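Working notes, beginning with the structure itself.
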Amino acid sequence: MNLSFWMPVAVLATSLVTAMIIFLLPERRHTLRGTLNLIAAIVKIGLVAFMIFGVMQQQSFETRFALLPGIDFVLRADAMSMLFAGLSSVLWLFTTIYAIGYLEHAPNRSRFFGFFSLCVASTMGIALAGNLFTFLIFFEMLTLSTYPLVVHRGTKASLQAGRTYLRYTLVGGAVLLVGIALLHSMVGSLDFAETGTLRDVPSEQHGLLIIIFILLITGLGVKAALVPLHGWLPIAMVAPAPVSALLHAVAVVKAGAFGIVRVVYNVYGIEFSAQLGVLIPLAAVAAVTILWGSFQALRQSGLKRRLAYSTVSQVSYIVLGSALFGPLGTIGGLVHLLHQGIMKVTLFFCAGNYAETLGIHKIKELDGAGQRMPLTSIAFTIGALGMIGLPPTAGFISKWYLGLGALDSGLVWVLGVLILSSLLNAAYFLPILYRLWFKPVTSAWPDEQIKAARFETDPWLLFPTVATAVFTIGTGILAASPLSPLSWASLIAIREYLP
Amino acid sequence: MTTLTLIPALLLIPLVFAILSLLVTRPWRNAFALLGIALQAVAALSLSWVIFTEGASSTALGNWAVPLGILLVADGLTVTLLTLTAFIAVICALYAFFYLRAYPREERYFWPLFWFLLAALNGIWLADDLFNLYVGLELLGLAAVGMVALQATQQSLAAALRYLLAALFGSLMYLLGVALLYGSYGTLAMGQLSDLMVGDLTTQIALLLMTLGLLIKTACFPFHYWLPPAHGGALAPVSALLSALVVKSSFYILARIWLDLGTLAVPIGLPEVLGLLGTCAILYGAWRAYTASEIKMLVAWSTVAQLGYLLLLFPLALNTTEAAAHLAWQGTLMHLLAHGFAKGAMFLAVGTLVLAARSTQLSDLAGISRKLPMALFAYGLAAVSLMGLPPSGGFSAKWLLIQSALHSGQWVWIIVISVGSLLSAAYLFRVFSVSFVEGKQRELQPTHPMLDVTALTLALIAIALGFFGMIPLSLMELGTPLPESPLPTGGQP
Amino acid sequence: MTTELFTTELFATELFTTELWFALIGALIIGISTIGFFGATHILKRIMAFNLMGSGVFLIMVGLAQHDRGVDPVPQALVLTGIVVAVSATALALIIFRRYIASGGQSKLPEHRS
Amino acid sequence: MILLLLLVPLILTLLVRQSGETFQRALLIIAPLPALLVSLVIGNESLNISWLLLGLHWELTDLRRTLLIMTSSLWLIAGISTAGSLSRFQRRARYLRCWLLTLSGNTLLLIASDIMSFYTFFALMTFAAYGLVIHSGSNSALRAGKIYLIMALIGEAFLLSGLILAASLSAGGTVTPLMTELPLLLAEHDALLISAFLFLGFGVKVGVAGIHMWLPLAHPAAPTAASAVLSGAMIKTGLFGWLTVLPMSAYEVLPESAISFSQLGTVAIGLGLLGAFGAGVLGVMQTKAKTVLAYSSVSQMGLMTLLLGVALLEPNLWPSIAAVIIFYAVHHGFAKGVLFLSVGISHELGNLSVRLLQLLSALPAAALIGAPFTSGMMAKYLLKENANEFAGWLYTSVTLSAIATAALMARYLWLLGQESNTTQQSATSTLAAFWAALALALGGWLIIPTTLDLPWSILWEGSSLWSGVWPIALVALVSVALLRRRAGSPAE
């Protein structure tokens, strides 16, 4: 039981143990709960960093034990899992800090932070899962641990949102389970392999493989908010800001997209999926989602709902990237997995700041907010420019590689979709920036809770927002440096293709 | 302590304690019961350890020969079920210590009935001949009816009567089947019967009658009417024991009859009919649970629904390939275990909630997640296993059943299982959405923390089954009825 | 003399052996009592129907089991146990019924009440 | 590493504070200095940092230097003039931040030669300029800003798709090519569609006919100093984009590829002509001096598009045309800068008489038309020389365009008189900026280093003198006739 066995378990344990302890903590022990959360997050970043460093040195970390006859529970740290694990652990630290600040006087925080840590554990599990079965286990655990967060406020609307959320995700989970069961009965072991495992399936079973592919993608598509299955995402906006930041930027939506990436690359293998001809329809679905999401975002008047629909469209970039046959498309998809996370977290933090400090929920109430809350508005501007895909933010890098990948794989219309969606993003983000910076303050703030003392709002809320904004710019500017997510994604992409 | 002494000990301990606990006066009762539980647990675990190391063994009581004497067999399957019973009994007893403080009058008669129930269960698991099973069933039935009628309120007495009449009718049908079998084969020992059994008309009739009787006692779909009031109305530890163990024993006998003895005599269409009954149970139970307004009735109807899954064993295991049958058998056993632990945990957790809120109405439980987080967390974990969501034992069971359905190419059961788990999610999450409601608060009575701890331990075992499913499955392999029985290799590839 | 001749010959042909008669009569009793058990709504009637059905089953058990191997002790033992169980079950049913009436319930189960 | 100095204005934007007018004035003046110093002092320098953006590569070549000198000096002059009238601005901090961001975008753009940094600064300049356009906050300014932004976005979309398509042509696409390598790529793959995208992408910024609508709206809406820079310097970035990206520069290597770009060439010539003359006609009918100037910019840029078309069609003409375009751009920049500033001063005449202002601004106007002894004459001569080599009718059309410009200038001068009001006193620094701009416009072209060997002889050659004078004489006659008729009828 050397280090390589216990390291993945340790990463999971940091949040599982914290969750258990926090559940037991009485409500009034705020400081202890906060410090416990922060320590857990920092320890997790340390462990993940150590593993990333290890993976660079081709060291293998794997936990494997038999779960059922013929089924193993596998946690493995390969390059792809470290990409997602890295993103989650870093963004988690910021979301935790933000949540501590956000829920300053809110009731039942023990329950909130307990499920919050459970969510981390399941996201880490999804990242580290070594085969489809373990992935499914943590995928469903994620649903269960995010439901209480969605209904945390206990109002009628949040309960309705929770019910819709469950209806979508549980049905998705059932479809996924049937898909995986079919695949297991056909192929046996479901371990992820660098270039996919299904190449040597006899050709007469390819029809069934396509059906299984559709089942898997539908199951995962619910969480990845592909168009017909995204209904839960805008409704779940009723949850508190750290939860919507968590749901839409780091955990749930990313889990779905990451799952699709895993299925396409590590189960089917990109060459085999291209041979099966499933990539083009997948790209089509992703393209439809991108455009549809952007159109819907245009029509929203609520700030968070507009961000939600923007997430629906942005996540499909990742799916689009994985559907483009060629290393460039892969790099684009993978790197967007990170970039979208960072940018979307920034935007949601800003939305949360506006709501918490000035009580702004509607876009038209944002007039002149740039004056009153300059730092948050600058962060929002950086995030928005990132979403539009303007350099030097990280968004440009992923759009650049997705464009190149589209041309490399011969789907020129995909470039058209990318450009059109950038224009649409501009169409629904620039008016907000216009209101922030160029409009004078018309009426009093709807509900100004936090007065502008030394900082424009509570430092707990401000620091993560600014930090993630700096991250967005940083990953953009330092894109070509060896440590950047771009180089890590290219490292993965090269391995995904047959030599 | 060889198996020779251990196996009868498992029967003797509960019987002795049953009688003595009647005599013990009030202050000593808890200590005495604790001693009994400890002994019982030690005996069960040591037997399972012995079986695990040395393999299956059996002892003849008073070593009389089989046709007349009673043979007690302890193979892998029996030991797994014994350990299940021991675990649940120990935890329900611990729960009962603190729960019955609020019910002094019931406490006096709870313990003797508890021990009789335990004796009957151990008797059924260990028995290897049909008539001994009949005796076990009867003892179990009477003890269970006694427990249901403990509170002596009008509803509980009506429920007890209804349960008793149904149980008696069922056992008589079973006895009739036994009589016919004895008439045509001259022996009742399972081992000999399975070799002699031939598929003629009388055997089929006998087996059908026994199936009818056992279906009534397992409260399967058309005959489920007595279960919800009985399990819903009873005290929390009682309903936990009933739902987790009692209904399972008659199913266990049904499974052994068909898979062990009557594999040759399976009339065409029976497995499919049983499968259909199971599906109807899942759907009807889920619908009634979804519309139940009382939380205990919701959980009781959930038992009716979950029992439907057990019936899926027959279409998956009879006249299908070897691999499919084996997977189905493993799946069913895993479901038996997981449902036992999860339903036990859920009834205990719900019992705490009802005790604290002083009302069984679901709407009165608004916002309890703030006051009773641990009880709700236990309920949550149990719900996860019942819904068959990973990482729980329920999920492994669902996975095995789906695999077996895939191997035997019967698609319909996959759909049934998936839809069933979604429906169970629908009604189980009702409690959650109520518990998260902020706003009006009923003031809650303080409850003993041990109530939560026991419920949580059972729930955690149900979840742990998901991770350590291999242990019971490998334990079960030792001398299971299935592998060596000559399965017809007909049916789909 | 003629009567038992009459009875034995007529009924002693291969077709109607004594065991078959026991089985037939037993089956008849079970049939009647099942109808009674489910037809009746009064609980007392249902308990008595159960007793009748029990004796029918015991009749079959004794009748069928008289194998040509001569006297067979096993069915005797089974029937004895069966009778003991039936008696104790009826006792329990009656007590619960009495408590049920005492606690205000009518003589019918709630769902049978019109 | 010196080139990093150009990042100074970007850093200065962070220092802008709400209060401290003097500090803000200082910022306005200091900001363009580093760019000016670098362009004047530093030789051909290049800077590449592999780990920044997607491999940062900046370089300063002769072509870029001349444009950088013109741009930074124009920004300096505009900065001085804004500093003068700063006290009358509301929301000074926001205006100043937009000013500095546009300035840094404009200057850094000229030295950036890797795709990502070029696109970054191009986008930065475009979006920051929006702040300048809508600064006055009036409805017409907001409407102008909206149209400006929408057309800019469409331009950016074309540009981005063009760049991605071009970059994908390079081997395997894993290594992102430099801007300067694109022409070769385009030429090798005969990528007509991609060049068309790039042409349109930069065309929006240049104000090519058909996609110029934002220009006559945005320039007048902005404060005068800002519109001077908008018209003078920022339009030229479009030209610069064309010169670096379009495949003409690869013709020496692959002359035969010119055929595939001939359609684009003809379209460019057509648009150029349409722009030159159409803008002239529309410009004359305008009622505001700054709109007339905007239309004159559109018409001048029409000429540039014309020249570009010629370069696309004739491979061997390219080296001279490139230099001519740059020279013409510089000449137009300075002249247009002065004219805009004079409009600014006309609103705050104070003791300066209207007639004197009209006379003074007539000089750069004449330069624009191509009057003798001015940069205009030299620029026009070079332009006609190239046009003549291509086709006879082109030569005549270019000369005719001089009339259009002259008409516009006359209209402008007349409007200048109308709009002048003598109530306010313009600050000394705005006047100083005007004089400096005037000096630059008239003499600047002599000192600015260009790769061309200017044919000094034409200055006193009869035919070129006459070709410079007759358009002015003709328009002067027409406008005098018009004035007398207007003075005669009492409708005034």
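The structure displayed is predicted, hence computed values, not measured ones. Below, chains carry the letters A, B, ... as their sequence lines are ordered, and counting in each starts from 1.
Considering only heavy-atom pairs separated by less than 4.5 Å from chain B, the leading option among A:L68, A:T143, A:L170 is A:L68. Here B:S396 is the residue among B:S396, B:G380, B:S418 with the most heavy-atom pairs under 4.5 Å with chain A. For the set A:I180, A:V175, A:T134, the entry with the most heavy-atom pairs within less than 4.5 Å of chain B is A:I180.
Using a 4.5 Å cut-off between heavy atoms, A:R167 does not touch chain B at all. For A:L67, the parts lying near chain B are the backbone and the side chain together; criterion is any non-hydrogen pair under 4.5 Å. Contact annotation for A:Y147: only side-chain heavy atoms (C-beta onward) come within less than 4.5 Å of a heavy atom of chain B. At a 4.5 Å heavy-atom cutoff, the contact between A:V178 and chain B is made by side-chain atoms alone. Residue A:I71 touches chain B through its side chain alone, counting heavy-atom pairs closer than 4.5 Å. Proximity to chain B (any heavy atom under 4.5 Å) is restricted, for A:F65, to the side chain, taken from C-beta onward. Proximity to chain A is absent for every atom of B:L376, based on heavy atoms less than 4.5 angstrom apart.
For the residue pair A:I137 and B:P390, the shortest heavy atom distance occurs at CA-CB, 3.2 Å.
Side-chain contact between B:M374 and A:L24: present, with at least one pair of heavy atoms (C-beta onward) separated by less than 4.5 Å. Taking the side chain as every heavy atom from C-beta outward, B:K398 and A:L177 approach each other to under 4.5 Å. Taking the side chain as every heavy atom from C-beta outward, B:F432 and A:L144 never approach each other to under 4.5 Å. Here the side chains of A:R111 and B:F436 are in contact, with some heavy-atom distance below 4.5 Å. Taking the side chain as every heavy atom from C-beta outward, A:M20 and B:F377 approach each other to under 4.5 Å.
For B:Q403 (side chain) and A:A181 (main-chain N/O), a donor-acceptor pair under 3.5 Å exists by modelled atom type.
The aromatic rings of A:F73 and B:F467 lie perpendicular to each other, with more than 60° between the two planes, well past the 30° mark.
With rounding to the nearest 0.5 angstrom, the CZ atom of A:F139 is 12.0 Å from the CG atom of B:L389. Atoms OG and CG, from A:S185 and B:L327 in turn, are 10.5 Å apart once rounded to the nearest 0.5 Å.
In summary, the aromatic rings of B:F395 and A:F133 are positioned with their centroids under 6.0 Å apart.
Residue-environment remark: OH (B:Y290) stays at or below the threshold of 12 foreign heavy atoms within 6.0 Å.
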